[in-house]
Amino acid sequence: MATMYIALEAGIGLGALLAGWIYTNLSERLPYVHALSASCVLLALAYLLVAVREKPVVA
């Protein structure tokens with residue numbers, strides 16, 4: 001459980017650093033930040049739907 005929370009916190013921190021690096025206080029770069037975050041969400045959703053669904057659940 002702790003490993004999951006650490007990975008979650010690392011993702012939040014790295015995402016904030018990356019978004020800040022792209023944005024750099026220029027409002028015309030804001031769509032790039034949103035496009036990057038939306039593409040990451042879609043990539044994660046595709047992974048969940050394709051890779052995780054195919055694995056059988058072992059009880």
Undergrad: Show the nearest heavy-atom pair for residues Arg29 and Thr24, with the distance to one decimal.
TA: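 Minimum heavy-atom separation between Arg29 and Thr24: NH1-OG1, 3.2 Å.
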
Undergrad: In terms of heavy-atom contacts, does OH of Tyr23 have more than 12 from other residues, nucleotides or ligands at under 6.0 Å?
TA: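 Atom OH in Tyr23 is packed in, count exceeds 12.
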
Undergrad: Taking atom OG1 of Thr3 and atom CG of Leu8, what is their separation to the nearest 0.5 Å?
TA: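 Reported to 0.5 Å precision, the distance equals 12.5 Å.
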
Undergrad: Working to the nearest 0.5 angstrom, can you tell me the gap between Leu36 CG and Leu18 CG?
TA: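 Taking CG in Leu36 and CG in Leu18, the distance rounds to 5.5 Å.
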
Undergrad: How long is the gap from CG on Leu42 to OG on Ser37, to the nearest 0.5 Å?
TA: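 Output value for this atom pair is 9.5 Å.
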
Undergrad: Are Leu30 and Trp21 co-members of a hydrophobic cluster defined by side-chain heavy atoms under 4.5 Å apart?
TA: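 Trp21 clusters together with Leu30.
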
